[in-house]
Amino acid sequence: MKKQVEQLVAAAIARLPGIDALGADGLPVPEIERTRDRRHGDYACNIAMRLAKPLGGKPRDIAQAIIDLIPAADLVTRMEIAGPGFINFHLAPAAFHAEVARVLARGDTYGHGDTGRGRKICVEYVSANPTGPLHVGHGRHAAYGATVANLLRATGHEVHEEYYVNDAGRQMDILALSVWIRMLQSAGIDIALPAGGYRGGYVRDIAAAAAPAFTSAVAATHLPAAGSLPDDAPDGDADLHVDAWIDHARATLGEDTFRAILDCALDSILGDIRDDMDAFGARPAEWFSERSLTDSGAVQHALDKVAASGKTYEKDGAIWFRATDYGDEKDRVVVRDNGRTTYFASDIAYHLHKRERGFDTLLDIWGADHHGYVPRVRAGIEAMGESPDILEVQLVQFVALFRGDVKQQMSTRSGEFITLRELRDEVGNDAARFFFVSRSNDQHLDFDLELAKSQSNDNPVYYIQYAHARVWSVMRELESRNLTWSESNGRAHLHLLTADHEQALLQRLARYPEIVALAARQRAPQHLVHDLRELAHELHTYYNAHRFIVDDAGLRDARLLLINAVRQVICNGLTLVGVSAPQSM
RNA sequence: GCGCCCGUAGCUCAACCGGACAGAGCACCUGCCUUCUAAGCAGGAUGUUGCAGGUUCGAGUCCUGCCGGGCGCGCCA
């Protein structure tokens, strides 16, 4: 609908006197907007004001000239100039009637578009270190990432969802060490978990489950000699201490055994994360291993490309990447003086790998604390000969979790955090998914568990689901009265839907595809959420103002057509958000 | 210190590459269930969009400077 209006305006502008002088570049694209106020018609265009300066005329005069150049069409019944020079378009009722019929004809795919056709996009999200269960913050990432992926798919993009598994590096070593020490403790060996170790209960669980397979590793003979490790915190340095512990563990257990403990922990935690995400409706098609990048030579391949572009140098025994050549704050190490590559090296290799898999957009969803990381990854991509624009990063701000007035500490290391699973158990998947995407991703989110729990019946998600269930309820009532609904008869009597409530619903249904496109384009699911809430509100209002099951079959079938279209759109919208659409509540 | 994000009603948040009188929910008050589920509806109060300038037909939105909050500035991941 919007597109049709755009085409009308564009054609008119092209015929405007003096427009040729502006050249193709100077020709502004007409922007058609939905009006906020119904008195302004259905759509509005600000093009006349934008053309005022380049054409040297008054906005309202230009607006009139444009209107005069728009031919009479079935679509538009009236155009008027308003305010400083807006052109307001009032559309014909028949246009909305055609749209409501289209809703049911297209069913599950109504609202889908093709603005992203031909674009292959890789959406990477959550990618939490597999060193513990997902917490509430990850839940926000999962909800946001999965919903954005759904929106992109709905707008015609070819979408691939992926989770980057950080299964290499120091954090994993610390996890393996923590598991091993818990095994030793369970065997009655008097040894303390380092201050830098992971102390969550799940570490003990993993240790208990794995211990039988590592009997030779669980022995006091593996303990370091007294005083052979640097002091732990608080007297010493926790990092130095834990690193020395890891070196000792590797040496005394052997690399294979240490690796086996690590893999055991990794499998357990990653399995748990997968189950959790899956139950939450976030289902990456691929769980991409960081370690595999080194094993496959992809890291070396990436480093070779950077080196080939002359953007690396050696200093202090390490190899550095000239990130400053691309505007980053400082150069970055890619190969340490001990010969091991850095996380950053893996990461640019990962992005190159994604690129080489054929994606033209790499959408990364990161925690806001990683914002400083964006310029260097983009620099790396550019240094490897790719356009830096292929990388798009959406940052998700923190979730501050409260129980009443008490802010909950969220530290994976300390093991004191609310898990995503606990949240789901408390408030339910639907409410959690909905709540997380109701706010802009770049806004901080205060989440009060007690409030979410106590108000679960007042949660907006139920309001929308209720509207959906209400339509089903009406259809059940129809059946119980031994009546049937004729969709075709409804289509034939749509002209009877003249009440304000009906007009409002018709217009909102027609807007839905635009909302989906907008939400996808801006990676902003909250637009969809808000629109659904308003659609539900219109339905509830309509329900209270009019009866649907009336004696007049024409009117009845038309009304049932309308509310079933609403049902379909709510269902489609909730599906995109990852929320269920129950038939009864 | 430098950099990024944010500041909107009592609270939690919207506001579509700058657009028409800044909108919802929660909380509060008043009405509506012999009628398709009252998880609903109707009505009522709520603002110097942190502060001060600037850009222009027009600024919550863009620019500059302050104030306040969050995050980042490793050969960690």
Side-chain angles (χ1 to χ4, degrees), chain A residues 29 31 33-37 39-40 44 46 49-50 52-53 58-59 82-86 88 127 129 131 166 168-172 174 239 243 290 315-320 329-330 332-338 340-344 346-347 367-375 395 397-398 400 435 438-440 442-448 451 455-467 469-478 480-481 514-515 517-519 521-522 524 526-527 529-530 533-534 536-537 539-550 560 563 584-585:
Chain A
V29 182
E31 294 165 22
E33 291 191 319
R34 300 181 285 124
T35 54
R36 285 188 205 174
D37 190 328
R39 284 170 302 184
H40 297 138
N46 65 359
M49 289 175 287
R50 297 175 69 89
K53 185 159 281 180
K58 291 179 183 170
F86 289 101
N88 292 337
S127 298
N129 281 351
T131 53
N166 299 128
R170 180 166 175 266
Q171 298 305 325
M172 290 308 298
I174 295 174
D239 285 332
D243 285 341
E290 177 189 353
K315 192 183 89 178
D316 302 334
I319 298 177
W320 296 69
E329 295 170 351
K330 53 171 73 171
R332 308 292 175 178
V333 172
V334 286
V335 183
R336 302 184 181 98
D337 58 7
N338 65 10
R340 298 184 65 180
T341 53
T342 59
Y343 174 83
F344 174 64
S346 296
D347 216 8
D369 55 333
H370 286 72
H371 66 79
Y373 200 67
V374 179
L395 299 174
Q397 292 289 339
F398 280 20
F435 192 83
S438 298
R439 283 113 177 88
S440 168
D442 54 27
Q443 286 283 355
H444 291 267
L445 178 59
D446 284 343
F447 198 116
D448 185 335
L451 205 66
Q455 292 190 337
S456 60
N457 272 2
D458 294 327
N459 193 303
V461 72
Y462 297 111
Y463 180 86
I464 297 170
Q465 288 178 320
Y466 184 44
R470 254 188 164 166
V471 176
W472 280 103
S473 174
V474 171
M475 299 311 282
R476 283 190 294 270
E477 175 65 20
L478 186 77
S480 75
R481 295 188 198 179
E514 295 162 23
I515 297 291
L518 174 72
R521 179 162 48 85
Q522 299 191 341
Q526 72 270 16
H527 291 307
V529 168
H530 291 138
R533 201 196 182 282
E534 286 177 21
H537 174 68
L539 190 279
H540 287 311
T541 299
Y542 184 35
Y543 180 94
N544 277 274
H546 299 276
R547 299 195 61 75
F548 309 142
I549 303 176
V550 292
L560 293 176
I563 65 169
S584 67
M585 293 174 71

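Quick note on labels: first sequence line is chain A, next is B, and so on, each numbered from 1. Computed from heavy atoms alone, side chains included, the values below leave out hydrogens, waters and symmetry copies.
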Query raised in the report: Roughly how far apart, to the nearest Å, are B:rG44 and B:rG25 at atom P?
Result: 13 Å
Query raised in the report: Is A:R439 positioned over the aromatic face of A:F435, cation under 6.0 angstrom from the ring centre and no more than 45 degrees off axis?
Result: yes
Report task. Scan A:E534, A:R34, A:H530 and name whichever one has a side chain to side chain contact (heavy atoms under 4.5 Å, CB included) with A:I515. Result -> A:R34
Requested in this report: Tell me which nucleotide among B:rC36, B:rC71, B:rA77 gets nearest to the side chain of A:N129.
Outcome: B:rA77
Query raised in the report: Does B:rG3 have OP1 or OP2 sitting under 4.0 Å from an N or O in the side chain of A:H371?
Result: no
**Report entry** Euclidean distance for P, B:rA15 against B:rG3 (whole angstrom)
**Finding:** 27 Å
Query raised in the report: Under 4.0 Å between a side-chain N or O of A:Y343 and OP1 or OP2 of B:rG74?
Result: no
Report summary line: Whole-Å distance, A:H527 NE2 to B:rA14 P, equals 10 Å
Report summary line: Assigned chi class of B:rC71 under the 90° convention is anti
Report task. Scan A:D316 against the nucleic acid and name what it touches under 4.0 Å (heavy atoms): base, sugar-phosphate only, or nothing. Result -> base
Report task. Output yes when at least one side-chain N/O atom of A:H537 is less than 4.0 Å from OP1 or OP2 of B:rG25, else no. Result -> no
Query raised in the report: Cut-off 3.5 Å, side chains only: do A:Y463 and A:H537 have a donor facing an acceptor?
Result: yes
Query - Atom-to-atom span, CZ of A:R439 to C1' of B:rC26 - whole angstrom - result: 10 Å
Query - Side-chain N or O of A:R336 closer than 4.0 Å to phosphate OP1/OP2 of B:rC76 - result: yes
**Report entry** Side chain of A:R470 - closest among B:rC41, B:rC36, B:rA38
**Finding:** B:rA38
Query raised in the report: From the list B:rC17, B:rC75, B:rG69, which nucleotide is the closest neighbour of the side chain of A:Q522?
Result: B:rC17
Query raised in the report: What's the shortest heavy-atom distance between A:L395 and A:G367, and which atoms?
Result: CD2-O, 3.7 Å
Query raised in the report: Would you say A:Q465 reaches B:rA39's phosphate, i.e. side-chain N/O to OP1/OP2 under 4.0 Å?
Result: no
Query raised in the report: Under 30°, 30 to 60°, or over 60°: which ring-plane class applies to A:Y373 and A:F344, parallel, tilted or perpendicular?
Result: perpendicular
Requested in this report: On RNA chain B, check which nucleotide each of A:L445 and A:S473 is closest to and give me the residue with the more 5' one.
Outcome: A:L445
**Report entry** Spacing between A:M49 atom CE and B:rG19 atom P, to the nearest angstrom
**Finding:** 10 Å
Requested in this report: Rounded to whole angstrom, note down the C1' distance from B:rA22 over to B:rG58.
Outcome: 15 Å
Report task. Describe the nucleic acid contact of A:S440 in one word from base, sugar-phosphate, nothing, applying a heavy-atom distance below 4.0 Å. Result -> sugar-phosphate
Query - Nucleotide paired to B:rG18 in any strand shown, Watson-Crick or G-U, under 3.5 Å - result: none
Requested in this report: Describe the nucleic acid contact of A:N88 in one word from base, sugar-phosphate, nothing, applying a heavy-atom distance below 4.0 Å.
Outcome: base
Requested in this report: Side chain of A:R521 only, please: which of B:rC36, B:rC5, B:rC17 is the nearest?
Outcome: B:rC17
Query raised in the report: What does B:rU55 pair with, Watson-Crick or G-U, if both distances are under 3.5 Å?
Result: none
**Report entry** Nearest-angstrom distance from the residue atom CG of A:D347 to C1' of B:rC76
**Finding:** 13 Å
Query raised in the report: How would you label the contact of A:E514 with the nucleic acid (heavy atoms, under 4.0 Å): base, sugar-phosphate, or nothing?
Result: nothing
Query raised in the report: If pairing requires Watson-Crick or G-U wobble contacts with both distances under 3.5 Å, which nucleotide is the partner of B:rC4?
Result: B:rG70
Query raised in the report: Does the distance from a Lys or Arg side-chain N to an Asp or Glu carboxylate O, for A:D239 and A:R170, drop under 4.0 Å?
Result: yes
Query raised in the report: Would one find a side-chain N or O of A:Q526 under 4.0 angstrom from OP1 or OP2 of B:rC16?
Result: no
Query raised in the report: How far does the P atom of B:rA20 sit from the matching atom of B:rC29, given to the nearest Å?
Result: 34 Å
Query - Base of B:rA20 and ring of A:H40 stacked, centres under 5.5 Å, planes under 30° - result: yes
Requested in this report: Could you check which of B:rG19, B:rC6, B:rU37 has an atom nearest any side-chain atom of A:P84?
Outcome: B:rG19
Requested in this report: Establish, with yes or no, whether the OP1 or OP2 oxygen of B:rA42 is under 4.0 angstrom from a side-chain nitrogen or oxygen of A:T541.
Outcome: yes
Query raised in the report: Is the phosphate of B:rC57, meaning OP1 or OP2, less than 4.0 Å from a side-chain N or O of A:K58?
Result: no
Query raised in the report: Are A:F398 and A:L445 close enough, and set up right, to give a side-chain contact (heavy atoms from CB on, under 4.5 Å), and what steps lead you there?
Result: CA-CA 6 Å; A:F398 280 20; A:L445 178 59; over 6 Å; no
Requested in this report: Using atom CD of A:Q397 as one end and atom C1' of B:rC71 as the other, report the distance to the nearest whole Å.
Outcome: 7 Å
Report task. Side chain of A:Q443 only, please: which of B:rA20, B:rC71, B:rA14 is the nearest? Result -> B:rA14
Report task. Please state the P separation for the pair B:rG19 and B:rA38 - nearest whole angstrom. Result -> 40 Å
Query - P spacing across the pair B:rG72 / B:rG50, given as an integer number of angstrom - result: 25 Å
Query raised in the report: Any donor-acceptor pair under 3.5 Å between the side chain of A:N46 and the base of B:rG19?
Result: yes
Report task. Please evaluate the base of B:rU35 for a donor-acceptor partner in the side chain of A:R547 within a cut-off of under 3.5 Å? Result -> yes
**Report entry** Whichever of A:Y373 and A:P460 has its nearest RNA chain B nucleotide further upstream toward 5'
**Finding:** A:P460
Query raised in the report: Side chains of A:S440 and A:D442: donor-acceptor distance under 3.5 Å anywhere?
Result: yes
Query raised in the report: Closer than 4.0 Å, any side-chain N/O of A:Y463 to the OP1 or OP2 of B:rC41?
Result: yes
Query - Length of the CZ-C1' vector between A:R476 and B:rU37, whole Å - result: 9 Å
Requested in this report: Could you please name the option among B:rG40, B:rA20, B:rC76 that lies closest to any side-chain atom of A:Y466?
Outcome: B:rG40
Query - A:D337 to A:A318 - nearest heavy-atom pair and separation - result: N-CB, 3.9 Å
Query raised in the report: Just how far, in rounded Å, is P of B:rC76 from CG of A:D239?
Result: 10 Å
Query raised in the report: Base, sugar-phosphate, or nothing: which does A:D337 touch, judged by heavy atoms less than 4.0 Å apart?
Result: base
Query raised in the report: In whole Å, what is the span from the CZ atom of A:R50 to the C1' atom of B:rG19?
Result: 10 Å
**Report entry** G-U wobble or Watson-Crick pairing nucleotide for B:rG10 (cut-off 3.5 Å, both distances)
**Finding:** B:rC26
Report task. May I ask you to say what A:R34 touches in the nucleic acid, namely base, sugar-phosphate or nothing, with a heavy-atom cut-off under 4.0 Å? Result -> base
